[in-house]
S.K.: 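Structure provided below as structure tokens; questions to follow.
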Amino acid sequence: MSTALLIEQLLNGLQLGVMLFLMAAGLTLIFGVMGLINLAHGSLYMIGAFACAVVASLTGSFWLGLIASLAAAAAAGAIMEVVVIRRLYDRDHLDQVLATFALILIFSEGSRWVFGSFPLYLDIPPVLQGAVSLPGGGQYQLYRLAIIAVGIAVALGLYLLISRTRLGMRIRAGESDREMIAALGIDIQTLYTIVFALGAALAGLAGALVGALQSVQVGMGEPVLILAFVVIVIGGIGSIKGALIGAILVGLIDTMGRFLLPKTLALILPAAQAGMVGGALASMLIYIVMALILAFRPRGLFAA
Amino acid sequence: MIARETIINTILALLLLAVPLIAMAVGEPFYITLSTRVAILALAAVGLNIALGLGGLVSFGHAAFFGIGGYAAGILATHAFNAEPMLFGVEGTTSMPWIWLVALTVCGLVALPIGAISLRTSGVYFIMITLAFAQMIYYFAISWPAYGGEDGLSLSVRNSFPLINTAKPLPFFLICYALLLLAMSLFALIRGSRFGAALQTARQNDTRLAAVGIAPFNIRLIAFIISAMVTGLAGALFADLNRFASPSMLSWHMSGELIVLIILGGKGRLFGPLAGAMLYVLFEYTLGGITERWQFFLGLILLGVVLFARGGLLGLLAGKARHG
């Protein structure tokens, strides 16, 4: 095993982590401020990817597609909030789970209606095509590095937004006491819609960015959604810092587990068996880690 | 005077029995299969209803137990068919009672650690951690090639039951129907027992329960295990119905559907799961006949039920549930 390969896998893990952060940040923000569990967050991710693929293929520009993905996901999020989600804030979690599960069915089947069952493809923009060389002699896709950079920029931007701006102050106030900030004359309904649209836009951005790496298809949001749940459960629901650390942790553990476990087991087991056991174990690894963390810290690492 | 809910419940139970009998008489065996599907899904949801309806434990991972039950049937039957012993030289079997016993035992044993860890949390954490455990088992099933991996596991013939020809649709339906009635009796028994009273108190006010000297954790854990076992039994029957143990039985969509069944019918009610399963299969069959995209409309209906008709079908027909 060479260092280059190891670095490549570490970067892959980081890229997955950063992408999960974009999803988890929105989920955790929505839960923190509105106390709502949103299963349909994966659908917003899918909407972002589809919007980007469609606009990019119509105009030929990935960047216009990216803007479209942000706009489409934010708009879908805002509409969803106004039409459905708003009625769920006072309901118990069971109702929220069911209503957003219903939204998944509607969005998934709806987009299958519009776009068909065949996947769409999205090309990496020319500027970001190609690879950079890594220390140790390996090559790494420039685009994946760009995703990592975008993720870090978003994390920083989100930190500044929440800690330094008036909107951020209102979001924090909403997290600690919603009746109080409503009493202070702040339009809490609009605030909720903005927070929801912001979370949706981040999910849409994640979908568009990943859409260029994988194919864009119905149901692409669901595996990511569940990973994002694992992330926010590990990090502590409602905590953006927890979401960032949880996302990086999950990204690295998942990628490195798939890479290292079969190799490690090959030292003690015959090769074919090691591959099988290692592969099965690696796919369960993050859930095992999550169970361990929750067994000791039932409210996650950075409980709000 | 007999309560309206009792009358409706009796009608539902008789209706489920009548459809296959009539179908048999007029030679439409397809409706027997459809009714069997209703009975099995209702059985799975009765299991979940013990945790969700009585205990307020929103498990979003009951597909794990449904699937484990299915795979128990599939794995035992495969080994018996190939005449090769399993781990520790245990022989496979195609006898339903043995398969049920194994499904119940394994689900109970798996539910113990999952429940013990998950029940340390509550609310959203509980929902997500049960979901994550189910995903863990799902990914294990699709990445473990020995029993079919992503392709699932076919059963070459339906498993057997002493003295009954299970290959015919009607006898198999009657087995499932009998088990459903048995499970509903268990649900009623639990609800009326001291244990059930403690479980419902744990849902409503666990501090008060602890104050009278009963540990809510233990009560919830036992309920979770019983609930998992009943759902696992349904899984074993489901694999026998389709002659196929599929990884999709373990998927999180399945967990969602089980919750949907309960909510469509009416949460925490004895006949809620049955009413929900009947409605669900009816939607699946009628809407599915009109359009391939029937789940789109299912989503709309579900959204409507959650937002505007919180008591489900039974709530609509029989008024508010008497047990809060």
Side-chain angles (χ1 to χ4, degrees), chain A residues 31 35-37 39 83-84 87-88 91-110 112-113 117 222-223 225-227 229-230 232-234 236-238 275-288 290-292 294-300 303, chain B residues 52-53 56-58 60 113-114 116-129 131-146 149 251-253 255-257 259-260 262-264 267 291-308 310:
Chain A
F31 185 83
L36 178 106
I37 166 171
L39 293 184
V83 176
V84 177
R87 301 166 204 274
L88 296 170
R91 299 289 191 83
D92 58 14
H93 295 312
L94 178 63
D95 283 356
Q96 299 176 350
V97 164
L98 277 163
T100 50
F101 184 73
L103 285 175
I104 295 184
L105 295 180
I106 295 171
F107 277 115
S108 291
E109 290 303 319
R112 207 169 271 150
W113 227 330
S117 296
E222 294 173 6
L225 173 79
I226 291 170
L227 284 182
F229 276 149
V230 173
I232 63 173
V233 167
I234 288 179
I237 304 177
M276 189 169 107
V277 177
L281 220 63
S283 63
M284 297 163 67
L285 194 59
I286 48 166
Y287 302 104
I288 297 172
M290 183 198 72
L292 282 177
L294 283 191
F296 293 103
R297 305 199 57 157
R299 302 192 68 78
Chain B
L52 192 149
L57 305 170
V58 183
F60 203 9
I114 291 184
I117 295 176
S118 308
L119 287 169
R120 288 171 52 85
T121 66
S122 61
V124 189
Y125 283 89
F126 183 79
I127 297 175
M128 291 188 186
I129 192 171
L131 168 67
F133 273 118
Q135 284 301 108
M136 177 165 121
I137 293 169
Y138 171 74
Y139 283 118
F140 178 74
I142 61 171
S143 59
W144 189 259
S251 78
W252 72 290
H253 260 271
S255 298
E257 274 167 31
I259 301 182
V260 168
I262 293 179
I263 302 306
L264 279 181
K267 184 176 70 163
T291 162
E292 224 181 308
R293 306 271 165 262
W294 68 278
Q295 293 216 330
F296 180 84
F297 297 99
L298 178 70
L300 288 179
I301 292 168
L302 183 58
L303 202 56
V305 170
V306 175
L307 292 180
F308 306 112
R310 299 174 69 185

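Order of the sequence lines sets the chain letters (A, B, ...), proteins ahead of strands, with each chain counted from 1.
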S.K.: Are the side chains of A:M290 and B:I129 in contact, using a 4.5 Å heavy-atom criterion?
M.R.: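 Side chain of B:I129 against side chain of A:M290, heavy atoms only: contact under 4.5 Å found.
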
S.K.: Non-hydrogen atoms of chain B under 4.5 Å away: do they reach the side chain of A:F107, the backbone, both or neither?
M.R.: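 It is neither, since no heavy atom gets under 4.5 Å.
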
S.K.: Which one, B:V260, B:I117, B:I137, leads in non-hydrogen pairs under 4.5 Å with chain A?
M.R.: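 Sorted descending by pairs with chain A, the first entry is B:V260.
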
S.K.: I need the B:F297 CZ to A:E109 CD distance, nearest 0.5 Å.
M.R.: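 Nearest 0.5 Å value for the CZ-CD distance: 10.0 Å.
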
S.K.: With a 4.5 angstrom heavy-atom cut-off, is it the side chain or the backbone of A:I226 that approaches chain B, or both, or neither?
M.R.: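 Side chain only.
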
S.K.: Measure the CZ-CE distance between B:F140 and A:M284 for me, rounded to the nearest 0.5 Å.
M.R.: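 B:F140 CZ to A:M284 CE: 6.0 Å, rounded to 0.5 Å.
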
S.K.: Go through the steps for A:H93 and B:I127 under the test side chain to side chain contact (heavy atoms under 4.5 Å, CB included), then give the verdict.
M.R.: CA-CA 9 Å; A:H93 295 312; B:I127 297 175; 3.7 Å; yes

S.K.: Is the backbone N or O of A:I237 less than 3.5 Å from a side-chain atom of B:Y125, with the two atoms forming a donor-acceptor pair by type?
M.R.: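 Present.
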
S.K.: Sort B:Y138 into side chain, backbone, both or neither according to what part of it lies under 4.5 angstrom from a heavy atom of chain A.
M.R.: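 For B:Y138, neither part sits under 4.5 Å from chain A.
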
S.K.: Using side chain to side chain contact (heavy atoms under 4.5 Å, CB included) as the criterion, list what pairs up with A:A99, not counting sequence neighbours.
M.R.: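 Testing A:A99 for side chain to side chain contact (heavy atoms under 4.5 Å, CB included), a comparison that skips the adjacent residues, returns A:L88, B:L303, B:V306.
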
S.K.: A:I104 and B:W252: which non-hydrogen atoms are nearest, and at how many Å?
M.R.: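 Taking every non-hydrogen atom into account, CD1-CH2, 3.4 Å.
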
S.K.: First locate atom CD of B:Q135, then atom CG of A:L227, and finally report the distance between them rounded to the nearest 0.5 Å.
M.R.: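 Atom-to-atom, B:Q135:CD and A:L227:CG are 8.5 Å apart.
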
S.K.: Is A:I234 in contact with chain B via its backbone, its side chain, both, or neither, using a 4.5 Å heavy-atom distance?
M.R.: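 Interface part for A:I234: neither.
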
S.K.: Output the distance between atom CG (A:D95) and atom NZ (B:K267), rounded to the nearest 0.5 Å.
M.R.: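 One finds 7.0 Å between CG of A:D95 and NZ of B:K267.
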
S.K.: What's the spacing between B:F133 CZ and A:Y287 OH if we round to 0.5 Å?
M.R.: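 Reported value, rounded in 0.5 Å steps: 11.5 Å.
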
S.K.: Do A:L94 and B:L52 pass the side chain to side chain contact (heavy atoms under 4.5 Å, CB included) test, and can you show the C-alpha distance, the side-chain angles, and the key distance before you say yes or no?
M.R.: CA-CA 9 Å; A:L94 178 63; B:L52 192 149; 3.9 Å; yes

S.K.: Applying side chain to side chain contact (heavy atoms under 4.5 Å, CB included) between B:V124 and each of A:I37, A:V233, A:V97, report the one that passes.
M.R.: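 Testing each of A:I37, A:V233, A:V97 against B:V124, the sole residue satisfying side chain to side chain contact (heavy atoms under 4.5 Å, CB included) is A:I37.
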
S.K.: Find the one option among A:E222, A:R87, A:Q96 whose heavy-atom pairs under 4.5 Å with chain B are most numerous.
M.R.: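 Of the candidates given, the most pairs with chain B belong to A:E222.
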
S.K.: Would you indicate whether the side-chain heavy atoms of A:I288 and B:M136 approach each other to under 4.5 Å?
M.R.: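 When only atoms from C-beta onward are counted, A:I288 and B:M136 do touch, with a gap below 4.5 Å.
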
S.K.: Taking all heavy atoms of A:P298 and all of B:T121, pick out the closest pair and write down the distance.
M.R.: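 Result for this residue pair: O-CG2, 3.5 Å.
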
S.K.: Tell me, for A:L39 versus chain B, whether the close heavy atoms (under 4.5 Å) come from the side chain, the backbone, both or neither.
M.R.: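 Looking at A:L39, just its side chain touches chain B.
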
S.K.: Is the backbone of B:L307 close enough, under 3.5 Å, to the side chain of A:R91 for a donor and an acceptor to pair up by distance?
M.R.: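 Answer holds: yes.
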
S.K.: Would you mind telling me which of B:S122, B:G299, B:G304 has the largest number of heavy-atom pairs within less than 4.5 Å of chain A?
M.R.: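 Of B:S122, B:G299, B:G304, B:G299 has the most heavy-atom pairs under 4.5 Å with chain A.
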
S.K.: Heavy-atom cut-off 4.5 Å, strictly under: side chain, backbone, both or neither for B:L300 against chain A?
M.R.: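 Interface part for B:L300: both.
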
S.K.: Taking all non-hydrogen atoms of both residues, which atom of A:V230 and which atom of B:A132 are closest, and how far apart?
M.R.: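 For A:V230 versus B:A132, the nearest heavy atoms are CG2-CB, 4.3 Å.
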
S.K.: Quick one: of A:G35, A:G279, A:S108, A:S283, who has the most non-hydrogen atom pairs under 4.5 Å with chain B?
M.R.: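 Heavy-atom pair counts peak at A:S283.
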
S.K.: Just to verify, what does A:F101 make a ring pair (Phe, Tyr, Trp, His ring centres under 6.0 Å) with, not counting sequence neighbours?
M.R.: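 By the ring pair (Phe, Tyr, Trp, His ring centres under 6.0 Å) rule, A:F101 matches B:H253.
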
S.K.: What is the distance from atom CG of A:L105 to atom CD of B:E257, rounded to the nearest 0.5 Å?
M.R.: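 Output value for this atom pair is 8.0 Å.
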
